[in-house]
Amino acid sequence: YLHITFNIISMLQIKEIVKRKGITITQLADMMGIKQESLSRTINGNPTIDTLQKIADALGVHLVELFEQPANNALSCPKCGAKLRLTVEE
């Protein structure tokens with residue numbers, strides 16, 4: 001079996017959503033009642049699902065929207081770019 005680990009942080013779309021909404025990370029932090037430095041550390045660190053939900057709530061989006069959605073459900077190897085085919089066996 002091939003074990004694949006994805007860097008979830010690199011797949012987060014928080015900065016893109018903030019930009020699309022026309023606000024800054026500082027403004028998002030203010031909306032959440034925290035300091036900008038704290039939010040930046042969270043985004044670039046290892047945020048919990050609870051923290052991501054708070055960010056999603058402040059942005060007015062669903063939690064899943066914080067993550068990059070692969071086009072046509074296609075995943076690529078982050079190292080070589082090869083297309084990956086994933087199946088679920090029960």
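Side chain of S38 to main chain of I34: no donor-acceptor pair is present (N/O by atom type, distance under 3.5 Å, no hydrogens or angles).
A search for side-chain hydrogen bond (donor to acceptor under 3.5 Å, both in side chains) contacts involving E37 returns nothing, not counting sequence neighbours. Listed by chain and residue number, T48 satisfy the side-chain hydrogen bond (donor to acceptor under 3.5 Å, both in side chains) test with T51 (two or more places apart in sequence, or in another chain).
In this structure, the side chains of Q13 and E16 come closer than 4.5 Å at one or more pairs of heavy atoms. Two residues are said to be in side-chain contact when any heavy atoms from C-beta on lie closer than 4.5 Å; I55 and L63 fail this criterion.
To the nearest 0.5 Å, atom CG of residue L52 and atom CG of residue L66 are 6.0 Å apart. Considering CD1 of I14 and CD of E65, their distance stands at 12.5 Å, rounded to 0.5 Å.
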Validation: residues 21-33 side-chain donor-acceptor distances under 3.5 Å, sequence neighbours left out:
unit_1 : atom_1 : unit_2 : atom_2 : d
K21    : NZ     : L59    : O      : 3.0
T24    : OG1    : T26    : N      : 3.4
T24    : OG1    : Q27    : N      : 3.0
T24    : OG1    : Q27    : OE1    : 3.4
Q27    : OE1    : T24    : N      : 2.7

